[in-house]
**Student:** 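Can you keep this structure in mind? I'll have questions shortly.
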Protein chains: 2
Amino acid sequence: MLEINNAFNSDHNHDHCVSGALNNAKAICKENGQRLTPIRELVLRLVWGSHKPLGAYELLPALAEAGFNSAPPTVYRALDFLHQLGLIHKIGSLNAFVGCSNPEHPHPSAFMICTECKTAAEIETSELQTSFNRVANTHGFQLEEENIELLGLCSDCRGNES
Amino acid sequence: MLEINNAFNSDHNHDHCVSGALNNAKAICKENGQRLTPIRELVLRLVWGSHKPLGAYELLPALAEAGFNSAPPTVYRALDFLHQLGLIHKIGSLNAFVGCSNPEHPHPSAFMICTECKTAAEIETSELQTSFNRVANTHGFQLEEENIELLGLCSDCRGNES
DNA sequence: AAATGTATTGTTATAATATAACAATAACTG
DNA sequence: CAGTTATTGTTATATTATAACAATACATTT
Ligand SMILES: [Zn+2]
Ligand SMILES: [Zn+2]
Ligand SMILES: [Zn+2]
Ligand SMILES: [Zn+2]
């Protein structure tokens, strides 16, 4: 069935999200012979500060506070590194990044994004995949990557409408 | 069935695409009591120069050549105008714009984008919509907008692979 | 036509996002 | 340790987008 992370559940234990993400990151880096350096780990923690996608420049102040150089290339390098390992996703329409809920299994970027509270909840796409593959096959298109954004109001924000 | 515009068909009569787009634009502007001014029409023509999404700054030289002021606000205003009427779509991951194949019926932005030749072909999403609605409904999400990008190689570029 | 108000465009400046290029340092390998 | 590679520091710049206000064009009423 369609699954999702618990981003839209405001009661969820977010510490669990963060610790899970960190554990995943360590394992995946090890598997790939890559190093989760202090900067990379901090950037990952910051991105996982919430389920709201963060822009690169929103990370710089926290990097500075932590005593690191905080010029743009620093944060973009860390973001690129995490992105290449599938530990974060980029939301194209927002120029912003959000932690991946299931990096153990590489998968396309697919989100429901609340335009009110800005929360982005990852969608499990295995069912959608059938449709996408059919579209691609029909046109001889070799599907390699996907950016799927569903924008609207999450249930919390629907309730709060004026 | 799943339909698509003919962007990936390199033999198609592209003049027909352009003239159709212009006719649509005129009709839709009239319906909405908006004016398709010379700048707006030129920007629409430029975007429709091909099926490859164009960035705002790629339009500026042609605007200058045509004798218009060519500062960024000019082109962004025209792009915003066309976007609001559904005459063009924005491809979030490319920061670029492409003409809409079927503006008479407002619909979400959904494309196959060839990473080799850069061509973007619009996808008819009525079938996908069922899946998206189901995802949204399952989570109490009020779906309002979509950005769907399928990235990969079009059939022409697959053939040309080394 | 003249006066008025609105929509559009011109213009200047600046904000926000992202990368190039090279130097310095840290980590790994033999 | 010396040599090599990976990572980070640093400066500069490229790219994308908007703010703010002035000038002009268009539409509406008198
Ligand atoms: Zn969480
Ligand atoms: Zn993910
Ligand atoms: Zn065409
Ligand atoms: Zn369209």
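Fair warning: this is a prediction, and the values are worked out from it, not measured in the lab. First the proteins, then the strands, lettered A, B, ... as listed; each starts at 1.
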**Student:** Can you sort out the partners of B:Arg45 under salt bridge (Lys or Arg N to Asp or Glu O under 4.0 Å), two or more places apart, ordered by chain and number?
**Tutor:**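 B:Arg45: salt bridge (Lys or Arg N to Asp or Glu O under 4.0 Å) contacts with B:Glu41.
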**Student:** For atom CD of A:Gln34, is the number of surrounding heavy atoms from other residues, nucleotides or ligands below 6.0 Å larger than 12?
**Tutor:**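 Atom CD in A:Gln34 is crowded, with more than 12 foreign heavy atoms closer than 6.0 Å.
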**Student:** Between D:dA25 atom P and B:Phe68 atom CZ, what is the distance in whole Å?
**Tutor:**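 Checked: the CZ to P distance equals 13 Å.
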**Student:** Got a sec, which residues hit side chain to side chain contact (heavy atoms under 4.5 Å, CB included) with B:Asn13, two or more places apart in sequence or on another chain?
**Tutor:** B:Asp15, B:His16
**Student:** Could you give the CD1-to-C1' distance, from B:Ile39 to D:dA23, as a whole number of Å?
**Tutor:**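 Rounding to the nearest Å, CD1 of B:Ile39 and C1' of D:dA23 are 14 Å apart.
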**Student:** Using heavy atoms and a sub-4.0 Å distance, could you list which residues of residues 42-59 of chain B are near DNA chain C? By number, please.
**Tutor:**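 Per residue number, the list is empty: none.
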**Student:** With each end axis built from five pairs of C1' atoms, what bend angle do you get for the helix from C:dA1-D:dT30 to C:dG30-D:dC1? Round to 10°.
**Tutor:** 30°
**Student:** Please confirm whether the shortest side-chain N or O distance from B:Lys90 to OP1 or OP2 of D:dA17 is below 4.0 Å.
**Tutor:**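 True: B:Lys90 side-chain N/O within range (under 4.0 Å) of D:dA17 OP1/OP2.
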**Student:** Using atom types as modelled and distance alone, determine if a side-chain donor or acceptor of B:Thr74 lies under 3.5 Å from a backbone N or O of B:Ser70.
**Tutor:**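 It does not hold such a pair.
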**Student:** Along DNA chain C, 5' to 3', what are the outermost nucleotides having an atom less than 4.0 Å from a heavy atom of chain B?
**Tutor:** C:dT8 to C:dT12
**Student:** What is the distance, to the nearest angstrom, from the CG atom on A:Leu36 to the C1' atom on D:dT7?
**Tutor:**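 Rounded to whole Å, this separation is 13 Å.
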**Student:** If you find the nucleotide of DNA chain C closest to B:Asn95 and the one closest to B:Gly67, which residue's nucleotide is nearer the 5' end?
**Tutor:** B:Gly67
**Student:** For a quick test of reading the model, state the closest non-hydrogen atom pair linking B:Cys157 to B:Leu153 and the distance between them.
**Tutor:**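 Distance-wise, the nearest heavy atoms are CB-CD2, 4.3 Å.
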**Student:** Is B:Gln142 reaching over with its side chain to a backbone N or O of B:Glu144, donor-acceptor style, under 3.5 angstrom?
**Tutor:**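 Side chain of B:Gln142 to backbone of B:Glu144: no pair is present.
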**Student:** May I ask you to verify if any side-chain N or O of B:Arg35 is less than 4.0 angstrom from the OP1 or OP2 atom of D:dA25?
**Tutor:** no
**Student:** Taking side chain to side chain contact (heavy atoms under 4.5 Å, CB included) as the test, write out the residues that go with B:Arg35, two or more places apart.
**Tutor:**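 Checked B:Arg35 against side chain to side chain contact (heavy atoms under 4.5 Å, CB included); matches are B:Thr37, B:Arg40.
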**Student:** Check for a donor-acceptor pair, side chain of B:Glu149 on one end and backbone N or O of B:Ile113 on the other, with a separation under 3.5 Å.
**Tutor:** no
**Student:** If I take atom CG from residue B:Asn9 and atom NE2 from residue A:His139, how far apart are they, to the nearest 0.5 angstrom?
**Tutor:** 11.0 Å
**Student:** Among all residues two or more places apart in sequence or in another chain, which pass the ring pair (Phe, Tyr, Trp, His ring centres under 6.0 Å) test with A:His83?
**Tutor:** none
**Student:** May I have the list of side-chain donor-acceptor pairs in residues 100-107 of chain B shorter than 3.5 Å, sequence neighbours left out?
**Tutor:**
from, atom 1, to, atom 2, distance (Å)
B:Ser101, OG, B:Asn5, ND2, 2.5
B:Ser101, OG, B:Glu122, OE1, 3.3
B:Glu104, OE2, B:Asn24, ND2, 3.2
B:His107, ND1, B:Asn102, O, 3.4
B:His107, ND1, B:His105, O, 2.6
B:His107, NE2, B:His89, NE2, 3.2
B:His107, NE2, B:Glu122, OE2, 2.6

**Student:** B:Phe97: which residues meet the ring pair (Phe, Tyr, Trp, His ring centres under 6.0 Å) condition with it, sequence neighbours left out?
**Tutor:** none
**Student:** If you compare all heavy atoms of B:Arg158 against all heavy atoms of A:Gly140, which two are closest, and at what distance to 0.1 Å?
**Tutor:**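 Looks like NH1-O, 3.1 Å.
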**Student:** From CG of B:Leu60 over to P of D:dT18, roughly how many Å is that when rounded to an integer?
**Tutor:** 14 Å
**Student:** Hey, could you give me the CG/CD1 distance between B:Leu82 and B:Ile88, rounded to the nearest 0.5 Å?
**Tutor:**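 The CD1 atom of B:Ile88 is 5.0 Å from CG of B:Leu82, to the nearest 0.5 Å.
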**Student:** Cut-off 3.5 Å, no hydrogens considered: what does the side-chain donor-acceptor table look like for residues 48-67 of chain A, sequence neighbours left out?
**Tutor:**
from, atom 1, to, atom 2, distance (Å)
A:Ser50, OG, A:Lys52, N, 3.0
A:His51, NE2, A:His12, NE2, 3.1
A:His51, NE2, A:His14, ND1, 3.2
A:Lys52, NZ, A:Cys117, O, 3.0
A:Glu58, OE1, A:Gly55, N, 2.6

**Student:** Let's see if you get this right: which residues in residues 69-77 of chain B place a heavy atom under 4.0 Å from DNA chain C?
**Tutor:** B:Asn69, B:Ala71, B:Pro73, B:Thr74, B:Arg77
**Student:** Do you know the tightest heavy-atom contact between A:Phe8 and A:Asp156?
**Tutor:** O-OD2, 4.3 Å
**Student:** Got a sec? Which of residues 80-89 of chain A come in under 4.0 Å of DNA chain C, heavy atoms?
**Tutor:**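 Contacts with DNA chain C under 4.0 Å: none.
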